[in-house]
Engineer: 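Next up is a structure, given as structure tokens.
Worth knowing before you read on, the calculation uses all heavy atoms, side chains too, and leaves out hydrogens, waters and symmetry mates. Source: prediction; values computed, not measured.
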Amino acid sequence: MDSQPSRSSGRFESSPSTINNTPFLTKSISDASSSSPHSQSLASILNNPHAGKSDGFWWWSTSSSIPTPDFLPLSTLPKPGSETRVPDFQSYLSSISDPYARFHDIQQHARFESLEDQDDQNALVACLKEVPALYFKEDFELEDGATFKAACPFRTTAENLVTQEKLSQYLDVVELHLVREISLRSNSFFEAQGQLEDLNSKIVVGCDRIRELKETIKLLDDNLVGSARKVQELNVQRSELISHQDKLNLILYVNQALSTLKLLVASADCAGALDVIDDLQHLLDGDELAGLHCFRHVRDQLAASIDSINSILSAEFMRISIHGAGNVDALSTSKFKVQTTISMNGEGHEVKLDEEDTYNLRDRLLPFVIGLLRTAKLPAVLRIYRDTLTADMKTAIKMAVEELLRVLGAQPMDSDFVAGERAVDADGGSSSLASRLRSLSPECFVHLLKAVFLIVQAHLAQASEVKRAIEWILCHLDGHYAADSVAAAIALGAAASETAHETADQVNSLLQLSVQRNSAKVSSAHGNGNDGITPSTLSRNFRADVLRENAEAVFAACDAAHGRWAKILGVRSPIHPRLRLQEFLNIYNITQEFITATEKIGGRLSYSIRGTLQSQAKAFIDFQHESRMAKMRAILDQENWAEIDVPDEFQAIITSLFCSESETRELADEVSADIEPSSPKMVLGSDGSPTAEARLQKISQNAEHTDSIPRVESTAQSNETNTRERGKSSTRLLFFRGVGYHMVNCGLILVKMLSECIEMNNSLPGLSSEVVHRVVEILKLFNTRTCQLVLGAGAMQVSGLKSITSKHLALASQVISFTYTIIPELKRILLLKVPETRKGLLILEVDRVAQDYKVHRDEIHSKLVQIMRERLLVHLRGLPQIVESWNRPENTDTQPSQFARSITKEVGLLQRVLSRTLHELDVQAIFRQVVIIFHSQISEAFSHLDISSPHAKQRMYCDVQHILACIRSLPSDSKSNPPNWGQLDEFVAKNFGEEVGQ
């Protein structure tokens with residue numbers, strides 16, 4: 001180890017020629033320079049201060065092998081930095097001299113070790129080359145047959161001798177190399193042996209010093225530390241005794257607390273019991289009772305006590321919240337038995353607790369609500385309360401219905417179908433509850449609904465007060481003496497509820513873990529997600545949960561009441577469509593009041609009872625419509641188209657429905673003379689207009705007195721006879737907007753039906769679209785059937801009329817004109833409550849019906865004109881015979897002929913009939929066409945006559961003048977002078993000009 005590495009070894013002794021002749025060195029240099037990731041210049045390599053001689057020596061040794069490139073001649077200008085000298089780098093060299101020296105020594109030492117390793121490896125390699133590898137195997141054993149054969153084949157004696165000689169040589173070679181290796185390592189061996197002896201002596205010295213230190217520590221321990229340690233041990237013992245005493249005191253406290261808890265639970269002192277349970281639960285959650293075997297069942301005992309307390313709190317809560325309404329049920333039923341009628345408007349029956357009862361209820365509920373909040377059982381108790389309240393509501397309604405049916409069943413029934421229903425039940429024995437409900441009259445059924453309404457209001461009022469009391473305790477207790485207790489109870493309940501949820505989540509996670517291994521990760525992730533929830537958030541969520549369950553309880557009670565009410569209505573679903581309008585509206589209105597009152601308390605909409613009511617209203621409209629359609633067909637088939645006096649109730653209907661206040665005043669002045677003193681009069685307001693009360697009273701009277709229509713039908717013929725005797729002035733018309741209309745029986749029936757439809761539309765706004773459709777169908781039926789009976793002459797077969805006269809046509813025109821006139825106002829009234837989405841289609845239908853009525857009226861007028869034209873043609877056929885008599889010499893008569901007298905008589909009769917019945921404008925329009933026909937037909941007929949004598953010509957002139965005089969007297973809107981000038985006047989001027997002048 002003392003030998004230094006020889007500097008003559010390695011590349012330092014290599015000559016340039018040797019390096020140049022070494023191919024791998026040149027290749028490695030070129031490869032190194034080409035494979036460098038960052039190209040470096042040669043100047044940076046040569047100027048590296050940390051590189052040794054060997055790093056740059058290859059450049060000079062290989063310079064001869066690199067071809068020198070051809071460069072341009074260097075300029076003679078001085079190079080930059082040529083004035084630099086070696087002293088300028090002295091500071092730099094001095095700063096790197098020490099690092100460079102260390103680097104050089106390390107480099108030389110590493111080279112020396114590599115050379116030694118190389119020599120050793122060369123010696124071993126040479127040894128392996130001379131001695132076969134078989135003898136160096138680890139498992140080399142000559143006892144092995146295969147090894148022995150390989151080493152000593154024993155073929156011949158000479159070969160055996162040669163083998164022995166080789167083995168001796170192999171042994172010499174190995175010994176030689178071993179000696180050489182030992183000689184190379186002899187210095188290191190002796191150096192290590194010396195160092196081992198030095199280490200042994202140092203260990204002996206160290207052991208002596210340790211022995212001395214132990215003796216010194218023993219003396220110090222006996223003289224100084226012993227007493228202090230004794231004090232410390234006594235202190236530790238005292239602390240342990242104190243802890244044992246505290247533990248015993250804790251055991252005594254827990255034992256006394258458990259005994260006290262039993263007494264408190266037995267005496268129903270829930271607040272004190274919960275305080276004790278909180279203290280014990282706090283001890284259990286900590287480590288004070290850990291390891292105490294005597295208290296291993298304390299947690300189970302606390303759970304049992306909490307269950308007992310929850311049962312007590314729940315029972316008291318139910319008793320205060322629900323059973324307080326039982327007295328109201330009995331009071332309502334007994335009151336109904338004594339007073340068998342209940343007001344229909346619902347006023348005076350609202351059940352509401354006074355302020356003192358409200359405060360009393362709050363004070364009674366407060367301790368129990370606080371206790372249930374502390375145990376986190378208030379949501380669960382509220383769910384039980386919801387179910388109990390619902391069941392109690394259903395039971396109360398059922399018992400009330402059964403009790404009231406005993407009273408109402410004894411009252412007389414006035415409806416035929418109800419009597420039939422009761423007869424069926426009597427034949428079948430004991431009637432069921434449903435059949436008894438169906439056997440009630442509409443008035444009794446409304447009384448029963450009012451009683452049920454009162455009972456439901458009582459229960460819902462109690463439930464609503466409980467709801468408001470709980471909300472007041474949870475949210476509006478600021479400044480109250482129990483505000484802090486409620487806040488603490490909410491916090492405790494929220495924590496307990498969260499703990500229960502976490503326990504349930506852990507159980508679910510364990511169950512899932514048995515099926516799926518990865519669920520533990522999901523559970524831990526879920527647990528980490530809940531770590532961010534603050535106590536205030538938990539309290540807020542818990543309070544929201546309680547308030548939600550509180551609201552759900554009241555809504556469930558309302559929903560149960562709706563279901564029972566809908567069931568009661570559904571039992572009578574076959575009967576309600578056959579009721580009168582006012583009877584059905586009584587049921588409909590009280591149901592609407594019930595829905596409004598209960599939804600106001602429940603806070604939500606209920607769709608079950610609305611659907612039942614809507615379906616029954618739809619069935620009522622359909623049944624009423626079918627009955628009206630059948631009635632209208634029967635009345636039209638029996639109509640004799642005779643004019644009748646309009647009763648006052650029908651004029652009141654038109655006035656109240658369609659006329660404004662100013663029109664009503666004018667109408668009152670016009671018809672005051674026609675109203676008989678004995679007839680009912682309309683009540684007028686201070687301004688002369690009918691009051692709203694009078695209008696509604698009149699409409700209701702018309703709706704109730706349906707037997708007045710048969711009276712009108714039965715007296716139609718007598719009215720017609722009286723009309724002929726009394727004349728026009730004695731006939732009472734139906735006025736609309738100042739215009740009077742002559743009416744027949746079917747027209748009044750149509751007015752009544754339309755008024756009922758309008759009232760139904762106003763009373764059932766949700767079905768306005770259906771009502772409008774039904775009104776359109778009624779109008780279509782009336783128009784179509786009237787056209788068939790009058791224009792189509794169907795009345796001659798169904799009503800027994802001998803013929804369809806102009807009087808019949810005029811009255812039909814009046815009815816059709818009146819209906820056509822009121823259709824726009826009818827459309828406006830009916831569409832007031834129709835949704836905007838459906839108004840467009842309904843308006844088109846109503847306008848189409850109005851157009852049909854207008855066409856029908858025009859066809860009636862055309863029919864009147866056609867009748868007069870046919871009569872004229874009939875008379876014109878006999879005109880040639882009359883002219884022949886004029887040409888006879890013995891005919892000296894100067895009076896108008898039978899043709900002129902007949903045609904003018906018939907025209908005058910038509911004028912009188914139409915003028916008494918139709919409006920002036922309609923009469924003028926009809927006779928304008930009649931005049932045109934007379935002018936054209938008569939002038940054409942006279943122009944083709946053969947007049948052979950002056951006397952015949954004079955007779956023709958007389959007839960023409962007679963006819964023209966009649967034409968001049970006909971009503972017309974012509975502004976010519978003379979009136980109704982036409983072709984017949986031109987014929988006279990052409991053929992009788994001289995005579996006219998004379």
Side-chain angles (χ1 to χ4, degrees), residues 636 639-644 716-717 719-729 731 733-734 740-747 783 785-820 853-876 899-935 937-938 963 966-967 969-973 980:
L636 286 173
E639 180 63 58
N640 54 10
W641 299 100
E643 183 179 1
I644 62 174
Q717 189 65 34
N719 285 336
E720 183 181 9
T721 305
N722 296 333
T723 301
R724 293 194 187 100
E725 295 176 356
R726 291 181 298 173
K728 178 181 178 182
S729 61
T731 305
L733 307 180
L734 184 62
Y741 294 87
H742 297 264
M743 297 301 292
V744 296
N745 186 40
C746 62
N783 185 49
R785 190 59 181 160
T786 301
C787 182
Q788 294 172 355
L789 293 174
V790 180
L791 286 178
M796 298 175 63
Q797 287 78 27
V798 298
S799 301
L801 295 180
K802 296 180 180 180
S803 63
I804 303 298
T805 64
S806 59
K807 180 68 173 178
H808 297 152
L809 290 173
L811 290 174
S813 174
Q814 280 283 280
V815 176
I816 295 299
S817 298
F818 170 76
T819 308
Y820 172 72
Y853 272 81
K854 183 177 182 299
V855 172
H856 187 189
R857 184 192 62 185
D858 295 340
E859 290 178 353
I860 293 176
H861 295 172
S862 300
K863 183 67 176 178
L864 291 171
V865 175
Q866 183 182 359
I867 291 174
M868 201 64 246
R869 181 175 180 275
E870 291 175 354
R871 295 304 303 164
L872 176 62
L873 293 177
V874 169
H875 291 293
L876 287 177
F899 163 75
R901 291 195 303 271
S902 298
I903 194 64
T904 54
K905 180 181 178 181
E906 292 182 3
V907 170
L909 178 61
L910 179 64
Q911 178 187 1
R912 288 193 299 273
V913 170
L914 297 184
S915 299
R916 291 177 181 178
T917 307
L918 297 181
H919 299 151
E920 183 180 358
L921 295 178
D922 295 336
V923 174
Q924 291 178 358
I926 292 172
F927 280 100
R928 181 176 64 251
Q929 301 181 38
V930 171
V931 167
I932 293 173
I933 293 173
F934 271 40
H935 277 292
Q937 296 291 334
I938 295 175
I963 294 172
C966 179
I967 292 176
S969 64
L970 293 179
S972 175
D973 55 355
N980 297 327

Engineer: Could you tell me which non-hydrogen atom of Pro971 sits nearest to which non-hydrogen atom of Val923, and how far apart they are?
Structural biologist: CG-CG1, 3.5 Å
Engineer: Between Gln937 and Leu876, is any pair of side-chain heavy atoms under 4.5 Å apart?
Structural biologist: yes
Engineer: Distance check, rounded to the nearest 0.5 Å: Ser806 atom OG versus Gln911 atom CD?
Structural biologist: 12.0 Å
Engineer: Atom CD1 in Ile967, atom OG1 in Thr904: separation rounded to 0.5 Å?
Structural biologist: 10.0 Å
Engineer: Is it true that the side chains of Arg785 and Gln788 contain a donor and an acceptor less than 3.5 Å apart?
Structural biologist: yes
Engineer: Do the non-hydrogen side-chain atoms of Trp641 and Ile804 ever get within less than 4.5 Å of each other?
Structural biologist: no
Engineer: Under the salt bridge (Lys or Arg N to Asp or Glu O under 4.0 Å) test, which residues partner Arg871, sequence neighbours left out?
Structural biologist: Glu906
Engineer: Any idea which heavy atoms bring Val907 and Cys966 closest together, and the distance?
Structural biologist: CG1-SG, 4.0 Å
Engineer: Quick one: CG on Leu872 to OG on Ser902, what's the gap to the nearest 0.5 Å?
Structural biologist: 11.5 Å
Engineer: Once side chain to side chain donor-acceptor pair (under 3.5 Å) is applied, do any residues pair with Ser799, and if so which ones, sequence neighbours excluded?
Structural biologist: none
Engineer: Side-chain donor-acceptor contacts of residues 857-864 below 3.5 Å, not counting sequence neighbours, with atom names and distances?
Structural biologist:
from, atom 1, to, atom 2, distance (Å)
His861, NE2, Ser813, OG, 2.9
Ser862, OG, Asp858, O, 2.9

Engineer: I need the minimum non-hydrogen distance between Ile963 and Ala900, along with the two atoms involved.
Structural biologist: CG1-CB, 4.1 Å
Engineer: Show the nearest heavy-atom pair for residues Glu643 and Lys807, with the distance to one decimal.
Structural biologist: OE1-NZ, 3.3 Å
Engineer: Indicate yes or no: at least one non-hydrogen side-chain atom of Leu636 is less than 4.5 angstrom from one of Leu789.
Structural biologist: yes
Engineer: Can you name the side chain to side chain contact (heavy atoms under 4.5 Å, CB included) partners of Val865, sequence neighbours left out?
Structural biologist: Ile926, Gln929, Val930, Ile933
Engineer: Which residues pass the ring pair (Phe, Tyr, Trp, His ring centres under 6.0 Å) test with His935, not counting sequence neighbours?
Structural biologist: none
Engineer: Between Glu639 (side chain only) and Cys746 (backbone N and O only), is there a donor and an acceptor less than 3.5 Å apart?
Structural biologist: yes
Engineer: Has the side chain of Asn783 got a donor or acceptor atom that lies under 3.5 Å from a matching backbone atom of His856?
Structural biologist: no
Engineer: Would you compute the distance between atom CE of Met868 and atom CZ of Phe934 and round it to the nearest 0.5 angstrom?
Structural biologist: 4.0 Å
Engineer: Is the ring centre of His919 less than 6.0 Å from the ring centre of Tyr741?
Structural biologist: yes
Engineer: Could I get the full list of side chain to side chain donor-acceptor pair (under 3.5 Å) partners for Gln797, not counting sequence neighbours?
Structural biologist: none
Engineer: With rounding to the nearest 0.5 Å, note down the distance linking CG in Leu733 to CE in Met743.
Structural biologist: 10.0 Å
Engineer: Give me the atom names and distance for the closest heavy-atom approach of Ala642 to Leu811.
Structural biologist: C-CD1, 3.9 Å
Engineer: Return the minimal non-hydrogen interatomic distance between Asn980 and Leu970, and the atom names on each side.
Structural biologist: ND2-O, 3.2 Å
Engineer: Calculate, to the nearest 0.5 Å, the distance between atoms CG and CD belonging to Leu914 and Gln814 respectively.
Structural biologist: 10.0 Å
Engineer: Check whether any side-chain heavy atom of Leu809 lies under 4.5 Å from a side-chain heavy atom of Leu791, and answer yes or no.
Structural biologist: yes
